[in-house]
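Below, chains carry the letters A, B, ... as their sequence lines are ordered, and counting in each starts from 1.
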Protein chains: 2
Amino acid sequence: MATEKEIIDIFRKNLKGTPNILLGISSEMGVFNDAGVVEIDGENLLVVTTDMIGYKTHIPDIATPKQIGKKSITVNISDLAAMGAKPLGVVMSIGFPSDLETQYIDKIAKGMNEAAASYSTCVFGGDINKTDDIILAGTAIGKTSKKQLFTRNDAEEGDIVCVTGNLGDSAASYYAWKNQLSLSPNIKEKIFPRFLDPKARIRESLILRDMQIVSSCGDISDGLGWELYKTGKASKVGFEIREDLLPINDEVYEIADKLNLNPLDMILYHGEDFELILTIKSNKWDWLVENMEKLDLNLTKIGEVCSKNLGNKIILKSKTKINIENKGYDQFKK
Amino acid sequence: MATEKEIIDIFRKNLKGTPNILLGISSEMGVFNDAGVVEIDGENLLVVTTDMIGYKTHIPDIATPKQIGKKSITVNISDLAAMGAKPLGVVMSIGFPSDLETQYIDKIAKGMNEAAASYSTCVFGGDINKTDDIILAGTAIGKTSKKQLFTRNDAEEGDIVCVTGNLGDSAASYYAWKNQLSLSPNIKEKIFPRFLDPKARIRESLILRDMQIVSSCGDISDGLGWELYKTGKASKVGFEIREDLLPINDEVYEIADKLNLNPLDMILYHGEDFELILTIKSNKWDWLVENMEKLDLNLTKIGEVCSKNLGNKIILKSKTKINIENKGYDQFKK
């Protein structure tokens, strides 16, 4: 039985690219980035990403059909955000069990439309199939240019590492749900929506891509640890992250405490935050901080890019420095 | 329990387009055409299609993993052919059961690569998921221009209706397989590959799109009857098809005879031929016939476009004229 990463390697080995593919599964850097990149003319690029949601694997039983529809869009738009691409549209291959109620389907469709509209885009095509599980396989297409494209390939020693929003809300909510924790109103209102109804940071991406200050970008879908691993590999750098700088809501600590879990593990190895992790040229950081409010951005510095030889480390609040592991969530494990 | 067409209607009702979508699920003509069309600048267009294959619903148990991989590409490229779009690339959202053998996966990947390469394109991105069934949800992206785009919208009374290749091979093979018919060598070699290993007519499409002689085009994926229905609705025309002109291999009659089935029903209502059905401006047909060989094309006239009021008819060999029904294959029925 193969792991997710072994299966990806089988496809990488077999699939050959064509010259118009700037970043793809068969290119050296393609596997570290969040979407494929296709050249359409000298300057303009298409960014294309596909992400499948299966009810049994990806959806908690408390999610409403509308939230499921929204999430099927958001997971794809988040990858466009990671690459600095403006959405052109989404297509969706759909599998439904034949006994699924019409009303349920209607709400999934409404959720898709609402999410797409919130990102100023739409679902313009699709395919309907009969399957055992609910399957929503979306493909989002975005447009960018060679100048505006974000990749994970160009982070440099000394760059500032920052993230949009807060980390760990989704993971903490997942564990709270999984362990049937009774939820305080705060957790219910502040943290849980980030688990059931995440948002893609496309607005932030499109503001930042025009500034020429971002040296790398990715979305945090598989845990900070795995995202740092990918950017580190692609850019041939290491990272020094500081625990005391991580933007973490009190409720994440509250849940971790109740369940006797390490909150840092949630942030490093769980994922589904759908926040962006960016590296910013160090000489531009102060300017960015000064202009943050005016630009309607909320970025938090969490560390710095360092030499590849130093690896990926986190300095704990206790000042102890520990390694960040190169691991992420694997659906095929156990 | 909803039918496939009812489910499509739920999505049509809920999904709103954006101004850059020239043809899409929410546009009047979108639902009759084979793929979505997105404007990327004043002249250039993207054609985008997505098609999901589920093992249980779509794949006969005698198909090899390589054939499954190839088919997942071909069904998508066929839709690009229907629209006159040159493939830029394919992305694939994949679901595998966790106990699927590595060797089987490797052969699926090899099939995908071989098919994509045969259409001068590639698979450049994807997503791997754990699912109960084998699910291959491909999205193909192609490029065309406003001048080169094929739709189903502009067939006119008097136009010649023609098809590429032969019809009914796939349907006849399906019934032969389903009824465990013992296969003659001829059937095995000539007909069966069209069922297990179909080809998309992208080469023919790209030759024809530059000639400005095609008034409508579609691919025959759901039976000739359903394809004529869609083109008729989109173009506001009817069709008069002649049974004696239909390009049908002897083996199709042989299988139909053995199984006591009507061969015409196979062609009209079964599908999976993946041939193109085109309407050609009548004053260009003779020129096209004269140049067919030079252009390396094999088109067969099967009838003419007539007034909408006359509906879609077929003139049988017996000279009887009967209605072609507006029906196609529905996975959700029974």
Exercise. Any residues in residues 72-89 of chain B near chain A, with a heavy-atom distance under 4.5 Å, and which are they?
Worked result: L88(B)
For this session: Keeping to residues at least two apart or across chains, list the salt bridge (charged side-chain N to carboxylate O under 4.0 Å, His left out) pairs with something in residues 36-53 of chain A.
Result: E39(A)-K146(A)
Seminar exercise, completed: Output for pair (H58(B) NE2, T131(A) OG1), nearest 0.5 Å, gives 10.0 Å
For this session: Begin from the C-alpha positions of M52(B) and I135(A) and carry the test side chain to side chain contact (heavy atoms under 4.5 Å, CB included) through to its verdict.
Result: CA-CA 10 Å; M52(B) 182 191 284; I135(A) 306 278; 3.7 Å; yes
Problem set entry | Region of L46(B) in contact with chain A, defined by heavy-atom distances below 4.5 Å | side chain
Seminar exercise, completed: Under 4.5 Å to a heavy atom of chain A? For Y55(B) that would be neither
Problem set entry | Nearest-0.5 Å distance that lies between atom CE in M92(A) and atom OG1 in T50(B) | 9.0 Å
Seminar exercise, completed: Highest number of heavy-atom pairs under 4.5 Å with chain A among V38(B), V91(B), D106(B) belongs to D106(B)
Problem set entry | chain A contact via I105(B) - which portion, at a heavy-atom distance below 4.5 Å | both
For this session: Could you tell me which portion of S27(A) (side chain, backbone, both or neither) has an atom closer than 4.5 angstrom to a non-hydrogen atom of chain B?
Result: neither
Exercise. So, N14(B) and K110(A): side-chain donor and acceptor under 3.5 Å apart, yes or no?
Worked result: yes
For this session: List for me each residue that meets side chain to side chain donor-acceptor pair (under 3.5 Å) alongside N20(A), sequence neighbours excluded, and say none if there are none.
Result: T18(A)
Seminar exercise, completed: Comparing G24(B), S93(B), G125(B) against chain A, the one with the most heavy-atom pairs below 4.5 Å turns out to be S93(B)
For this session: For the pair T102(A) and E6(B), evaluate side chain to side chain contact (heavy atoms under 4.5 Å, CB included) and give the outcome as yes or no after the intermediate values.
Result: CA-CA 9 Å; T102(A) 304; E6(B) 283 164 355; 6.0 Å; no
Problem set entry | Short side-chain to backbone donor-acceptor contact, K16(A) and C122(B), under 3.5 Å | no
Seminar exercise, completed: Across all chains, not counting sequence neighbours, the side chain to side chain donor-acceptor pair (under 3.5 Å) partners of K147(A) are none
Exercise. For I128(B), which of I7(A), I10(A), T3(A) qualifies under side-chain contact (heavy atoms from CB on, under 4.5 Å)?
Worked result: I7(A)
Seminar exercise, completed: Okay, D132(A) and chain B: the region with an atom under 4.5 Å from a heavy atom over there is side chain
For this session: Test side chain to side chain contact (heavy atoms under 4.5 Å, CB included) on V37(B) and F124(A) and set out the steps.
Result: CA-CA 8 Å; V37(B) 180; F124(A) 67 97; over 6 Å; no
Exercise. Is it the backbone or the side chain of I141(A) that comes under 4.5 Å from a heavy atom of chain B, or both, or neither?
Worked result: side chain
